[in-house]
Trainee: 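Structure in structure tokens, see below.
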Protein chains: 2
Amino acid sequence: MAYTVGQVARVAGVTVRTLHHYDEIGLLSPSGRTAAGYRRYDDADLQRLQLVLYYRELGFPLEEIAAIIDDPAADPAAHLRRQHELLTVRIKRLQEMVTAIEFAMEASKMNIQLTPQERFEAFGDFDPEAHEAEAEQRWGDTDAYRESNRRASRYGKDDWLRIKAENEDWGRRIVALLASGAPADGPEAMELAEEHRQIISRWFYECSYEIHTGLADMYLADERFTAHYENIAPGLAGYLNEAIHANAISRA
Amino acid sequence: MAYTVGQVARVAGVTVRTLHHYDEIGLLSPSGRTAAGYRRYDDADLQRLQLVLYYRELGFPLEEIAAIIDDPAADPAAHLRRQHELLTVRIKRLQEMVTAIEFAMEASKMNIQLTPQERFEAFGDFDPEAHEAEAEQRWGDTDAYRESNRRASRYGKDDWLRIKAENEDWGRRIVALLASGAPADGPEAMELAEEHRQIISRWFYECSYEIHTGLADMYLADERFTAHYENIAPGLAGYLNEAIHANAISRA
DNA sequence: CTGCCGCCTGCCGCTACGTCAGGGTCAAGC
DNA sequence: GCTTGACCCTGACGTAGCGGCAGGCGGCAG
């Protein structure tokens, strides 16, 4: 029912200093003190802290958080609703960045130059940045980050040569298939589409069927990608697109 | 091919001051200067800036970003891969927060008390926070935020009474249906399940069928929710769960 | 040649804490 | 009853990543 700073800090995942700070600026003052001056937090304080942390995660400055939380018109449910909306907006934003990255990856694999605008499109609409200095600083210690680091630096020259070789081998085979007149939704084409997906998954990122069909459509929608494939063999862009779609449908 | 600070700032969505700062700390120094001392950025600089901004968005401190980018072992593709992974990890994290919010919403609708641990679970695993002070401060001016604000504060006492009334009306009807012996996967039960989903969507958040079935499972998995429904009528928790699943399947 | 906008370099300010320093407190164990 | 170590307190200064302003030069359209 009553907690010390240390206990609150541990359960909420913040530092004691942070709680001191919130007390100083009046954002979250413990409901009481012991005779010796120790801060005592109760359940209501924890609830408030939770709100504070969520809004902080969402990037609001502390002062504004105080205003939001102390708004008498906003009951708990209203906060939840607002946070839910903000979160979904942010997820959408990150997903756009992911798409942009996937786009850039495809482009880089094919040596396609991006225009400056495209470079920053992912940030474009509503402001470019976001900070998260502290959190991500600590992130440096998380498994996820280490894992990412490890994997990102794992590929040596040899690997790159292998990737290139795999890609070229795949390219030769699909060109041959196209030339042979085999249908784009036939088993051989679908098999090559699947292989294409697995090459991406193995060497780059987990490429779901959904992502894969997205890529396929991009190959047609973006003329530079179209040109890349058409340069290899006329009709290849459309052929690959169809094969990928057929493959995705058949595996679903 | 060559850009001034202002131009770069505009296309990248940062301020001139930021570019000055990056120049000062050596994170991104323009490749040249004019005779008059004007900074001149070229395409390579833009490319580097893009990397910087992505890593910044991902929360890395600028110093670390410099180290990452200047790492000779990391080619462009490696950066893309790393960013892709980091982004997906972050999206997962945000989605967990969303789930936690949805959980809290359900709990609050039913007056269920959360334990302190549950309060902060969403932050738990890897650190609690994330900042984004600047970005989200500016966010204060975006449509999304205003919209969110508007909707969040739109409900007055009357609305709450209506929500409560709707809920109770729905409750009475499903209890009656359960008592009548109608099957949980019958049309009436499914209709009530659908209504349940729409009440959430209308008043709280867009509740997809996927989310809805997730909620349904939670009603069974979490004993407090189970108890809530079982208190209304024995067997109701399981009945509702089944009805929601049946409804979701039939609409898919 | 005169605006006016854009660029330059300081330099001070701000937020949200981190990080001591210097000193009291509390429960456990001897 | 006294020590010990973990925990708490209050200043106070430091830091990152810019924002913002002052004071002054540069460039080009009219």
Side-chain angles (χ1 to χ4, degrees), chain A residues 2-30 32-41 49 52-53 55-67 127-141, chain B residues 2-30 32-41 49 52-53 55-67 127-141:
Chain A
Y3 313 86
T4 69
V5 260
Q7 288 169 332
V8 173
R10 242 167 298 138
V11 63
V14 299
T15 68
V16 170
R17 180 63 179 87
T18 299
L19 294 175
H20 282 176
H21 185 59
Y22 291 170
D23 189 4
E24 272 174 42
I25 65 174
L27 175 57
L28 176 67
S29 298
R33 296 267 190 149
T34 69
Y38 283 27
R39 273 165 259 254
R40 307 254 82 187
Y41 294 84
L49 177 57
V52 168
L53 293 185
Y55 280 114
R56 188 183 68 166
E57 170 89 28
L58 286 167
F60 291 90
L62 300 186
E63 200 176 331
E64 205 168 326
I65 294 179
D127 278 278
E129 13 352 36
H131 250 217
E132 320 208 7
E134 187 201 351
E136 302 291 346
Q137 204 165 351
R138 300 194 184 167
W139 255 65
D141 290 330
Chain B
Y3 313 85
T4 68
V5 260
Q7 288 169 334
V8 174
R10 243 167 296 137
V11 64
V14 300
T15 68
V16 169
R17 181 64 182 83
T18 299
L19 293 175
H20 283 176
H21 185 58
Y22 291 170
D23 189 3
E24 273 176 41
I25 64 173
L27 175 57
L28 176 66
S29 297
R33 295 268 189 150
T34 70
Y38 283 27
R39 271 164 261 254
R40 305 254 85 187
Y41 294 84
L49 177 57
V52 168
L53 293 185
Y55 280 115
R56 188 183 68 166
E57 171 88 28
L58 286 167
F60 290 90
L62 300 185
E63 201 175 331
E64 203 168 326
I65 293 178
D127 279 278
E129 18 347 38
H131 250 220
E132 318 209 8
E134 188 202 351
E136 302 290 347
Q137 203 163 351
R138 298 191 185 172
W139 254 67
D141 290 330

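Every chain is numbered from 1 and lettered A, B, ... according to where its sequence line falls, protein lines coming before strand lines. What you see is a predicted model, and the numbers here were worked out from it, not measured in a lab.
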Trainee: OP1 or OP2 of D:dG19 sitting under 4.0 Å from any side-chain N/O of B:Thr15?
Mentor: yes
Trainee: Evaluate B:Arg39 against B:Val8 for side chain to side chain contact (heavy atoms under 4.5 Å, CB included), listing each step before the verdict.
Mentor: CA-CA 10 Å; B:Arg39 271 164 261 254; B:Val8 174; over 6 Å; no
Trainee: Can you list the residues that meet the salt bridge (Lys or Arg N to Asp or Glu O under 4.0 Å) rule with B:Arg33, with sequence neighbours excluded?
Mentor: B:Asp23
Trainee: For a quick check of understanding: with a heavy-atom distance under 4.0 Å over all strands, which category does B:Arg10 fall into, base, sugar-phosphate or nothing?
Mentor: nothing
Trainee: I need the B:His21 NE2 to B:Leu27 CG distance, nearest 0.5 Å.
Mentor: 8.5 Å
Trainee: At their closest point, which heavy atom of B:Ala9 faces which heavy atom of B:Thr15, and how far apart are they?
Mentor: CB-C, 4.0 Å
Trainee: By nearest heavy atom, map A:Glu63 and A:Val16 onto DNA chain C; which one lands nearer the 5' end?
Mentor: A:Glu63
Trainee: Summarise protein proximity over nucleotides 21-27 of chain D in one line of letters, 5' to 3': B for base, S for sugar-phosphate only, - for none, counting protein heavy atoms closer than 4.0 Å.
Mentor: -----BS
Trainee: A:Glu64 has an atom CD; how far is it from atom C1' of C:dT15, in whole Å?
Mentor: 13 Å
Trainee: Taking CD1 from A:Ile65 and C1' from C:dT15, how many angstroms apart are they, rounded to a whole number?
Mentor: 12 Å
Trainee: Can you pull out how bent the helix from C:dC1-D:dG30 to C:dC30-D:dG1 is, comparing the axes over its first five and last five pairs, to 10°?
Mentor: 10°
Trainee: What pairs with B:Arg10 under salt bridge (Lys or Arg N to Asp or Glu O under 4.0 Å), at least two apart in sequence or on another chain?
Mentor: none
Trainee: Base, sugar-phosphate, or nothing: which does A:Arg33 touch, judged by heavy atoms less than 4.0 Å apart?
Mentor: sugar-phosphate
Trainee: Measuring to OP1 and OP2 of D:dG19, would you say a side-chain N or O of B:Thr18 lies under 4.0 angstrom away?
Mentor: yes
Trainee: Any idea which heavy atoms bring B:Gln7 and B:Ala2 closest together, and the distance?
Mentor: OE1-O, 4.2 Å
Trainee: Starting from P on D:dG17, measure out to CZ on B:Arg56 and report it in whole angstrom.
Mentor: 10 Å
Trainee: Applying side chain to side chain contact (heavy atoms under 4.5 Å, CB included) to B:Tyr41 and B:Val5, what does each step give before you reach the verdict?
Mentor: CA-CA 7 Å; B:Tyr41 294 84; B:Val5 260; 3.6 Å; yes
Trainee: If I compare all heavy atoms of A:Gly26 with all of A:Ser29, which pair ends up nearest, and what's the gap?
Mentor: CA-OG, 4.1 Å
Trainee: Measure the distance from OH on A:Tyr41 to P on D:dC8 and round it to the nearest whole Å.
Mentor: 10 Å
Trainee: Could you tell me which residues satisfy side chain to side chain donor-acceptor pair (under 3.5 Å) with B:Tyr22, sequence neighbours excluded, listed by chain and number?
Mentor: B:Arg56
Trainee: For DNA chain D, which residues of residues 20-29 of chain A approach it to below 4.0 angstrom with any heavy atom?
Mentor: A:His20
Trainee: Take atom CG of B:Leu62 and atom C1' of D:dC18, then tell me their distance rounded to the nearest Å.
Mentor: 9 Å
Trainee: Specify the closest pair of heavy atoms between B:Leu49 and B:Ala12, including all atoms of both residues, with the distance to one decimal.
Mentor: CD2-CB, 3.6 Å
Trainee: Please determine if a side-chain N or O atom of A:Arg39 lies less than 4.0 Å away from the OP1 or OP2 oxygen of D:dC8.
Mentor: no
Trainee: Kindly say whether the aromatic ring centers of B:Tyr55 and B:Phe60 come within a distance under 6.0 Å.
Mentor: yes
